Amino acid sequence: MTPLAWFVLACALYAIGLGLFFYWLLTRAETLPTDDPAGFSDAELIEMQRIRQEAE
């Protein structure tokens, strides 16, 4: 194979790898919890809401 053919093959494999990586990222992002990005439990969120309401 000529050097140009190797270069084209390498670019194609790189593009396929990038595509699979971003596809994996997108599918993983859909399964992450979106309602609580900070990682607080429900009890902690209720407590913070109560403290905010008392401060008003």
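Source: prediction; values computed, not measured. Only heavy atoms go into these numbers, but all of them, side chains included; no hydrogens, no water, no symmetry mates.
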Task: Heavy-atom side-chain contact between W24 and L20 under 4.5 Å - done: no

Open item on the list: Please report the interatomic distance CZ(F22) to OG1(T27), rounded to the nearest 0.5 Å.
Closed with: 13.0 Å

Open item on the list: Using the rule that Ile, Leu, Val, Met, Phe, Trp and Tyr join whenever any side-chain heavy atoms are under 4.5 Å apart, tell me whether I16 and V8 fall into a single cluster.
Closed with: no

Task: ILVMFWY cluster, Y14 and L9 together (side-chain gap under 4.5 Å) - done: no

TODO: To the nearest 0.5 angstrom, please state how far the CD atom of Q49 sits from the CD1 atom of I51.
DONE: 11.0 Å

